[in-house]
*Asks:* 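Below you will find the structure I want to go over with you.
We're numbering straight along the sequence, starting at 1. Hydrogens, waters and symmetry mates are skipped; everything else that's a heavy atom, side chains included, is used.
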Amino acid sequence: MSTGLVGDVLAIALFIVATFGVLCGFPIAFSLAGFSLLFAGLGWALGAFDPIILTSLPSRYFGQMTNEVLVAVPLFIFMGAVLERSKIAEALLETMGQLFGTLRGGLAISVVIVGALLAASTGVVGATVVTMGLISLPAMMRAGYDPKLATGVICASGTLGQIIPPSVILIFIGDLLMGANQLAAQRTGKQVDPVSVGDLFAGAFLPGLALVALYILYIVLLAFTRPDTCPALVMDAEQRRTLARRFVRALVPPLLLIIAVLGSILSGIATPTEAASIGALGAMVLAALNRAFSFAVLLAVMRNTAVISALVFGIVLGVSVFSLVFRGLGGEHLVEQILSDVPGGRVGAVLAVMAVMFVLGFFMDTIEIVLIVLPITAPVIIAMGIDPVWLGVMVGINLQTAFLTPPVGFALFYMRAVAPASITTGAIYRGIIPFVGLQVVALGLLWAAPGLATWLTKVVFPDAVPAAAPAGGSTPGSVLDDILKGAPGSAPPPTSPGSPLDQILNQAPTNAPSSDGDPILDRLQKGN
């Protein structure tokens, strides 16, 4: 058996075993890194893996951790944690429910609108589902809502934070697509428009609003065809008299925060990282105005932010080891060959990747799927001519759909945790099915009309400078430097021939420290 074939077999086995380990409940960072190192040792013993590849891991990971774009992740986590304690969600749900509640389906419509507002101001999913479940579900049950509709609309609205910016998952998708887009330029030798997290935020805005519109249209249709499932809310005179004042007080603060964060990004005033810092400061101000901010709250929020950020970037470390070993075994070329041979060309390749990510979404967290699958497949798909912004938005909506789909959608578990025992798990599953159908409709609309994701990006950022292929048209076979370091800048062309992986290892990472005085990095840059 040839060395190349052994490497392909080991790469496939690594992906299967690592995925199985994650599904068995082992921590993903340890599963990916541990199994990868085991397969690296096996590949070295069989002559299919060069262990010197692993010496580039520290500089790659240092480049990832110093990536300015990813600084926005802990800032947005901090902003969401502060807003979760500021009572803004409670005030919004109460006043919006009373504003629309006098209409049939009004309570459900208010849940959708509040879900969109919370998504645009926090970008957090799990906490939104729990919060709306605790506050809105009892009110909807008292009003006589069908439990299936009540739980379905809360689950669906709570996951809008996956796709409506400033979504944390969109930050990771955008950062990975930057490197993938640059590699596509290197593969094809053509100039391509650069892509950034800001581009993806702009691209996801209209599809996110389209999802909100589809949810509301479905509720309105139910109100006319099955009015008994969503009756109107009865309000007393005192509630009507004070509604306008309470509505303004509840709506204005989150709107100001949304304008400050999204407005600064879409207007080009601030980068996503700078906007995240504005949002974090604004969240503290809003919490203070609501008398829900103290040193104890700040300490708890900072601890929560540190824990979540450490978990996320721990996963990044595990995925970095996995990516190195997978590519060192030749897995990337195997993926490229598989996607190129899929019937239907680039359409078939996109459908295949979407199907894999959708199935993995039943068992794995969204960030885990993005960090594992996207770096391997995105460069190949973009090189086929697929728009990276459109691809990123499709991935976001696809994973949001998987987040909702029975029997193991994570949003359903959150709802089960807060729903009373009188609401069965079967009712929760049946209630979410129509909204999963609406998600599929949204994916179909985006597939048929890519302009939904690309039009606003071109309007907001019209002066993008195309990214050119490197001099000499070299075509490296790995996206390690471009993807894992999180920087879109191209690296200098290799100075010596060799395997594609050697060419990549010869390139100094943009965000990594200088190799001066480091014998390991000197050896890597000199080549074989």
Side-chain angles (χ1 to χ4, degrees), residues 18-19 21-37 54 57-85 122-128 130 161-162 166-176 197 272-277 279-281 283-284 295-325 363-375 399 403 410 413-414 483-487 509 511-513:
T19 303
V22 173
L23 297 181
C24 288
F26 294 108
I28 182 171
F30 300 124
S31 296
L32 292 178
F35 285 123
S36 297
L37 292 176
L54 294 175
L57 179 62
S59 61
R60 298 302 147 245
Y61 194 62
F62 183 85
Q64 183 78 15
M65 298 304 297
T66 56
N67 181 2
E68 181 182 348
V69 173
L70 295 185
V71 175
V73 173
L75 288 174
F76 278 128
I77 293 174
F78 178 88
M79 183 179 76
V82 172
L83 290 177
E84 182 184 350
R85 291 166 170 80
T122 67
V124 180
V125 173
T128 303
V130 172
Q162 290 266 60
S167 165
V168 171
I169 190 61
L170 288 181
I171 296 175
F172 280 100
I173 293 176
D175 185 63
L176 291 172
V197 174
T273 302
E274 295 164 344
S277 64
L281 179 61
M284 289 190 290
F295 180 76
V297 170
L298 178 62
L299 190 62
V301 167
M302 292 173 65
R303 183 183 295 111
N304 187 40
T305 301
V307 170
I308 295 176
S309 299
L311 289 174
V312 169
F313 286 102
I315 293 173
V316 172
L317 175 58
V319 172
S320 299
V321 180
F322 173 81
S323 299
L324 268 174
V325 176
F363 313 103
M364 298 171 62
D365 186 73
T366 305
I367 292 179
E368 299 168 0
I369 299 171
V370 167
L371 291 175
I372 294 174
V373 178
L374 206 57
L399 292 177
F403 207 80
F410 285 95
F413 295 152
Y414 293 134
I483 295 294
L484 293 183
K485 76 184 180 183
N511 291 329

*Asks:* Can you confirm whether Val325 sits close enough to Leu54 that some side-chain heavy atom of one is under 4.5 Å from a side-chain heavy atom of the other?
*Replies:*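 Heavy-atom side-chain distance check passes, below 4.5 Å.
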*Asks:* Taking the side chain as C-beta and beyond, is there a heavy-atom pair between Leu281 and Phe78 under 4.5 Å?
*Replies:*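 They are not in contact (no side-chain heavy atoms under 4.5 Å apart), so the answer is no.
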*Asks:* Does some side-chain heavy atom of Leu57 sit less than 4.5 Å from a side-chain heavy atom of Ser320?
*Replies:*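 Yes, side chains in contact.
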*Asks:* Heavy-atom distance under 4.5 Å between the side chains of Ile77 and Ser309, does that happen here?
*Replies:*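 They are in contact (side-chain heavy atoms under 4.5 Å apart), so the answer is yes.
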*Asks:* What I'd like to find out is whether the side chain of Val321 reaches to under 4.5 Å of the side chain of Leu32, using heavy atoms alone.
*Replies:*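 No, too far: nothing below the 4.5 Å cut-off.
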*Asks:* Has Ser31 got a side-chain atom pairing as donor or acceptor with Ala18's backbone, closer than 3.5 angstrom?
*Replies:*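 Checking the backbone N and O of Ala18 against the side chain of Ser31, no donor-acceptor pair under 3.5 Å is found.
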*Asks:* Does some side-chain heavy atom of Leu374 sit less than 4.5 Å from a side-chain heavy atom of Phe172?
*Replies:*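 Not touching, per the 4.5 Å side-chain cut-off.
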*Asks:* To the nearest 0.5 Å, what is the distance between CD1 on Ile315 and CZ on Phe313?
*Replies:*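 If I round to the nearest 0.5 Å, the distance is 10.5 Å.
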*Asks:* Closest heavy-atom contact between Pro166 and Met79?
*Replies:*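 Closest heavy-atom pair between Pro166 and Met79: CG-CE, 4.4 Å.
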*Asks:* Residues two or more places apart in sequence or in another chain: which of them pass side chain to side chain contact (heavy atoms under 4.5 Å, CB included) with Ile369?
*Replies:*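 In terms of side chain to side chain contact (heavy atoms under 4.5 Å, CB included), with neighbours along the sequence ignored, Ile369 is linked to Met357, Leu360, Met364, Val373, Leu399.
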*Asks:* Contact between Leu371 and Leu176 at the side-chain level, heavy atoms closer than 4.5 Å - yes or no?
*Replies:*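 They are in side-chain contact.
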*Asks:* Distance from Arg303 atom CZ to Thr305 atom OG1, nearest 0.5 Å?
*Replies:*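 Going from the CZ atom of Arg303 to the OG1 atom of Thr305 covers 11.0 Å.
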*Asks:* Please enumerate all residues that pass ring pair (Phe, Tyr, Trp, His ring centres under 6.0 Å) together with Phe322, with sequence neighbours excluded.
*Replies:*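 With neighbours one apart ignored, the set is Phe326.
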*Asks:* Ser277 side chain to Glu274 main-chain N or O, any donor-acceptor pair under 3.5 Å?
*Replies:*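 Looks like yes, one N/O pair under 3.5 Å.
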*Asks:* Just so I know, are the side chains of Leu170 and Val197 near enough to count as touching, which here means a heavy-atom distance under 4.5 Å?
*Replies:*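 Leu170 vs Val197: side chains apart.
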